[in-house]
Student: 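The structure's right below; bear with me while I get my questions together.
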Amino acid sequence: MNESNTAPDDGNEQNGDGQRDFIRDIIRADLAAGRIETVVTRFPPEPNGYLHIGHAKSICLNFGVAQEFGGRCHLRFDDTNPVKEEREFIDSIQEDVRWLGFDWGQHLYFASDYFEQLYEWAEHLIRTGKAYVDDLSAEEIRAYRGTLTEPGRNSPYRDRPVAENLDLFRRMRAGEFPDGARVLRARIDMAAGNMNLRDPVLYRILHVAHPRTGDAWCIYPTYDFAHGQSDAIEGVTHSLCTLEFEDHRPLYDWLIENLPVPSRPRQYEFARLNLTHTVLSKRRLTQLVRDGHVRGWDDPRMPTLAGLRRRGVPPTAIRDFIRRVGISKSDNTVEIALLEHCIREQLNRTAERRMAVLHPLKVVIENYPEGESETLEAINNPEDPAAGTRAVPFGRELYIERSDFMEDPPRKFFRLAPGREVRLRYAYFITCRKAIKDARGEIVELRCTYDPATRGGNAPDGRKVKGTIHWVSASHALDAEVRLYDHLFNRPDPGAEGDFLADLNPDSLTVLDNCKLEPALAEATCEAAVQFERTGYFIRDPESTSDRPIFNRTVALRDTWAKLQARGGEQKDRSTR
RNA sequence: UGGGGCGUAGCCAAGUGGUAAGGCAGCGGGUUUUGGUCCCGCGAUCCCAGGUUCGAAUCCUGGCGCCCCAGCCA
């Protein structure tokens, strides 16, 4: 067997440092006891939306487990409801799973591939007296179902003869009845405490074209009737799903036991991922896109894999994040800070460094010869010597960050101020001589002098400077737009007190349209994020044009100075109150 | 007495009768040509109450709290 059904090796499985959780414990035990020979899992998305980071948990679990135990994982689309599903999603889902780093090899399946088999099994249930055609309307079925505390009542059609059920069901398939006229129901127990066992609907009439089967069918199986049987057809051994399906397991098992299926899959449930400051329900994400609160499914503020990709988040960071979050059965809400940490950790190791000034302030080096420039050498990645160095042009006129100058600095401010000396990274020590203001009193330019003996950033006399700041040569700078992103929602728990839309962060996107980049950034790609030194990680956005690059901020660098300042501000507030 | 599940530090999460891993966040300190990275240090008696035991987060009993289920969605 030479299948390319793999998951990336993130280096956790070598030395017993592998994942430990109740799912893997079960699989290990099943393998050890000989209950199964090969573990087979599946990732079963419904093609009705884009994949998000919550799905990544399921993807990493299913594919990861298959790889760790030498089994395989199928990608199976749960396409049983044509009124919600679209081709676009079938494509995007495959692209996103691949981008995340997983490969299903030849094992791409669709529940719709099994429609004929499922239909035959439905007839089998009818023939064995375990399913019947019900003429009740949707409202009537609901009324007959009872409530959480009261048992339901049998439908008057529950005891139809087998022959009549068979005839009716075949005519349902033949298209003789309009939508909603009849359904096929399992005959289980209308008094069951578990609502799923109160004669669940197995088939409904839907005169709707299916993205894959076209108009071949006008009756479609429900999730419950399709999922377990699809698992059985594919030989799935461990059908892993989220907690809300726990109640469905008795029905899953009932169907498997009452049908002549080729294998005996088992369902296990784990807790889905929740993240602070965002939403992960398909309904809400769809609403954000549909109502224009974001610019699309791949808006960098979205928790979708497409959004994270455009944001510059590497797939390795997502896999690492999922690994750290773990698998359990307790409801959880993971702080988004953990995700951000994983992104920084990955990017710190791999992203090349560049200099970019987001809020430019002009600096003129008065003692630097006019019209001249020179080239300085800068390290691409101090964490990775193999990344080498690059040339950065320097000249008499530069841009520095506005926040790196203060006319009247507080005690611990290490940057530029009148009379103060700082290091320009990889360049020279400069001393601020004068701040020039415009009519409104705003500082528009700094006049400085440099020490030619400090080329490269070291003083031969051994004198130290407290601060090192980044800069960009004015005459060589690239003009760019930079988009800064913040959490999409203000609250850690959007919607906890009403409409989740009311919790949208109005400042989740800040566009800076006068940024100055060092020339090497012209070569940046949309695939790999770079670090703008002292600022954060950024990635070129596909909306860039050749003459105007656009960069998205993936995540800011940790900023203990900003934290200190914020704390100081708080203290001041408290003392003045 | 409707059914199902969960409850270990601010957030995740190991632990499966032998005396509470780890990560993130936070707080101190050190190194540093990114106030980045890196390094060092600091936190829980396990929802509560009884019980079993030499010994319990782990077993038993009884409470309390939270989540899911009444789609012809998945």
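In what follows, chains carry the letters A, B, and so on, assigned in the order in which the sequence lines appear, proteins first and then strands, with residues in each chain numbered from 1.
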Student: Check this one for me: any side-chain N or O of A:Thr468 less than 4.0 Å away from OP1 or OP2 of B:G35?
Tutor: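 False: A:Thr468 side-chain N/O out of range (4.0 Å or more) of B:G35 OP1/OP2.
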
Student: Pick the nucleotide of RNA chain B nearest each of A:Ala271 and A:Glu533; which residue has the one closer to the 5' end?
Tutor: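 With A:Ala271 and A:Glu533 compared, the 5'-side residue is A:Ala271.
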
Student: Is A:Pro45 touching bases, backbone alone, or none of the nucleic acid, heavy atoms closer than 4.0 Å?
Tutor: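 Here A:Pro45 touches no strand at all.
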
Student: Rounded to the nearest Å, what distance is computed from the CE atom of residue A:Met195 to the C1' atom of nucleotide B:G3?
Tutor: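 Rounding to the nearest Å, CE of A:Met195 and C1' of B:G3 are 10 Å apart.
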
Student: Could you state the interatomic distance from OG1 (A:Thr468) to CZ (A:Arg534), rounded to the nearest 0.5 Å?
Tutor: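 Spacing of OG1 (A:Thr468) from CZ (A:Arg534) equals 8.0 Å.
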
Student: Look at the rings of A:Tyr220 and A:His210 and say which category their plane angle falls in: under 30° parallel, 30 to 60° tilted, over 60° perpendicular.
Tutor: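 A:Tyr220 and A:His210: parallel rings.
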
Student: Picking from A:Arg153, A:Arg158, A:Arg145, what satisfies salt bridge (Lys or Arg N to Asp or Glu O under 4.0 Å) with A:Asp199?
Tutor: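 Answer after filtering A:Arg153, A:Arg158, A:Arg145: A:Arg158.
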
Student: Phosphate oxygens OP1/OP2 of B:G5: is one of them under 4.0 Å from a side-chain N or O of A:Ser330?
Tutor: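 So the side chain of A:Ser330 is outside the cut-off, no N or O lying under 4.0 Å from OP1 or OP2 of B:G5.
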
Student: In whole Å, what is the span from the CD atom of A:Glu269 to the C1' atom of B:G4?
Tutor: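 Roughly 10 Å, once rounded to whole Å.
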
Student: Determine: side-chain N/O of A:Arg323 to OP1/OP2 of B:C24, distance under 4.0 Å, yes or no.
Tutor: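 A:Arg323 to B:C24 OP1/OP2: no side-chain N or O under 4.0 Å.
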
Student: Could you run down the sub-3.5 Å N/O contacts of the protein with nucleotides 38-43 of chain B?
Tutor:
none

Student: How about A:Thr242 and A:Glu244: does a side-chain donor come under 3.5 Å of a side-chain acceptor?
Tutor: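 Yes, A:Glu244 and A:Thr242 have a side-chain donor paired with an acceptor closer than 3.5 Å.
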
Student: Of the options B:U34, B:C73, B:G3, whose atoms approach the side-chain atoms of A:Lys84 most closely?
Tutor: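 For the A:Lys84 side chain, the nearest candidate turns out to be B:C73.
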
Student: Does a side-chain N or O from A:Arg142 land closer than 4.0 Å to OP1 or OP2 of B:G71, or not?
Tutor: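 Answer is yes, contact under 4.0 Å.
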
Student: Strictly below 4.0 Å: does A:Lys282 bring a side-chain N or O up to OP1 or OP2 of B:C73?
Tutor: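 Looking at the OP1 and OP2 atoms of B:C73, neither is under 4.0 Å from any side-chain N or O of A:Lys282.
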
Student: Aromatic ring centroids of A:Tyr132 and A:Tyr157 under 6.0 Å?
Tutor: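 Centroid distance A:Tyr132-A:Tyr157: not below 6.0 Å, so no.
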
Student: It should be established whether A:Lys464 places a side-chain nitrogen or oxygen under 4.0 Å from OP1 or OP2 of nucleotide B:U32.
Tutor: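 Checking A:Lys464 against B:U32: no side-chain N or O falls below 4.0 Å of OP1 or OP2.
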
Student: Going by modelled atom types, is there a donor-acceptor pair between the base of B:G4 and the side chain of A:Asn194 at under 3.5 Å?
Tutor: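 For A:Asn194, whose side chain was compared with the base of B:G4, there is no donor-acceptor pair (under 3.5 Å).
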
Student: Any idea which of B:A70, B:G5, B:C73 is nearest the A:Thr147 side chain?
Tutor: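 Closest nucleotide to the A:Thr147 side chain: B:A70.
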
Student: Separation of A:His207 atom NE2 from B:C72 atom C1', in whole Å?
Tutor: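 In whole Å, B:C72 C1' and A:His207 NE2 are 13 Å from each other.
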
Student: Of the nucleotides B:G2, B:G28, B:C12, which has the atom closest to the A:Val334 side chain?
Tutor: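 It is B:C12.
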
Student: Report the relative orientation of the aromatic rings in A:Tyr223 and A:His248; use parallel for angles under 30°, tilted for 30 to 60°, perpendicular for over 60°.
Tutor: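 Perpendicular.
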
Student: Does A:Thr222 put a side-chain nitrogen or oxygen below 4.0 Å from OP1 or OP2 of B:C72?
Tutor: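 For B:C72, OP1/OP2 do not have a side-chain N/O of A:Thr222 under 4.0 Å.
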
Student: My understanding is that a pair needs two contacts under 3.5 Å, Watson-Crick or G-U wobble. By that rule, which nucleotide pairs with B:G65?
Tutor: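 Across all strands, the one nucleotide that pairs with B:G65 is B:C6.
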
Student: In whole angstrom, give the distance that lies between atom CD1 of A:Ile23 and atom C1' of B:A14.
Tutor: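 Going from CD1 in A:Ile23 over to C1' in B:A14 covers 16 Å.
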
Student: Is A:Leu136 touching bases, backbone alone, or none of the nucleic acid, heavy atoms closer than 4.0 Å?
Tutor: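 Here A:Leu136 touches the bases of the nucleic acid.
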
Student: Among residues 175-183 of chain A, which ones have heavy-atom contacts with RNA chain B below 4.0 Å?
Tutor: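 Within residues 175-183 of chain A, the residues near RNA chain B are A:Gly180, A:Val183.
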
Student: Select one nucleotide: of B:A74, B:C27, B:C24, the one nearest the side-chain heavy atoms of A:His248.
Tutor: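 Of B:A74, B:C27, B:C24, B:A74 is nearest to the side chain of A:His248.
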
Student: Look at the side chain of A:Arg349 and the base of B:U37, then say whether one donor and one acceptor between them are separated by less than 3.5 Å.
Tutor: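 Side chain to base: no pair below 3.5 Å.
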
Student: Distance check needed: B:A13 C1' versus A:Lys329 NZ, whole Å only.
Tutor: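 In whole Å, B:A13 C1' lies 16 Å from A:Lys329 NZ.
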
Student: Side chain of A:Arg204, heavy atoms from C-beta onward: which of B:C72, B:A70, B:G15 has the nearest atom to it?
Tutor: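 Out of B:C72, B:A70, B:G15, the nucleotide with an atom closest to A:Arg204's side chain is B:C72.
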
Student: Identify which nucleotide among B:G35, B:C12, B:C24 has an atom closest to any side-chain atom of A:Thr333, counting heavy atoms from C-beta outward.
Tutor: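 Nucleotide nearest to A:Thr333's side chain: B:C12.
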
Student: Please tell me which of the listed nucleotides, B:C24, B:G4, B:A70, lies nearest to the side chain of A:Glu246?
Tutor: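 Among the listed nucleotides, the one closest to the side chain of A:Glu246 is B:G4.
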
Student: Name the closest nucleotide to the A:Arg353 side chain, picking from B:C24, B:G36, B:C12.
Tutor: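 Nearest to the side chain of A:Arg353 among the choices is B:G36.
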
Student: If we require ring centres under 5.5 Å and near-parallel planes under 30°, does A:Trp561 stack on B:G35?
Tutor: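 Yes.
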
Student: A:Tyr426 near the nucleic acid: base, sugar-phosphate alone, or nothing, with a heavy-atom cut-off under 4.0 Å?
Tutor: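 If one applies the 4.0 Å heavy-atom cut-off, A:Tyr426 turns out to touch a base.
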
Student: Phosphate oxygens OP1/OP2 of B:G22: is one of them under 4.0 Å from a side-chain N or O of A:Arg20?
Tutor: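 For A:Arg20, the contact criterion (side-chain N or O under 4.0 Å from OP1 or OP2 of B:G22) is not met.
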
Student: Relative to each other, are the rings of A:Phe115 and A:Trp217 parallel, tilted or perpendicular (30° and 60° limits)?
Tutor: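 If you compare the ring of A:Phe115 with that of A:Trp217, the planes turn out perpendicular.
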
Student: For B:G30, is chi within 90° of 0 (syn) or not (anti)?
Tutor: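 Anti conformation for B:G30.
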
Student: Quick one: pull up CZ in A:Arg354 and CZ in A:Phe538 and give me the separation to the nearest 0.5 Å.
Tutor: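 CZ of A:Phe538 is found 14.0 Å from CZ of A:Arg354.
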
Student: For residues A:Asp134 and A:Arg160, determine if any side-chain heavy atom of one lies less than 4.5 Å from a side-chain heavy atom of the other.
Tutor: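 No, every pair of side-chain atoms sits at 4.5 Å or beyond.
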
Student: By the 4.0 Å heavy-atom rule, please label A:Tyr203 as base, sugar-phosphate, or nothing.
Tutor: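 Nothing, no nucleic acid heavy atom in range.
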
Student: Can you identify which nucleotide, out of B:G71, B:A74, B:G2, has its nearest atom closest to the A:Arg145 side chain?
Tutor: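 Nearest listed nucleotide: B:G71.
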
Student: Both A:Phe22 and A:Gln531 contact RNA chain B. Taking the nearest nucleotide for each, which residue is further toward the 5' end?
Tutor: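 Residue closer to the 5' terminus by nearest nucleotide: A:Phe22.
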
Student: Determine the contact category for A:Asp78: base if any of its heavy atoms lies under 4.0 Å from a base atom, sugar-phosphate if only primed atoms, P, OP1 or OP2 are that close, otherwise nothing.
Tutor: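 Sugar-phosphate only.
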
Student: Which nucleotide in the set B:C68, B:C69, B:U34 lies at the smallest distance from any side-chain heavy atom of A:Leu148?
Tutor: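 Side chain of A:Leu148 sits closest to B:C69.
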
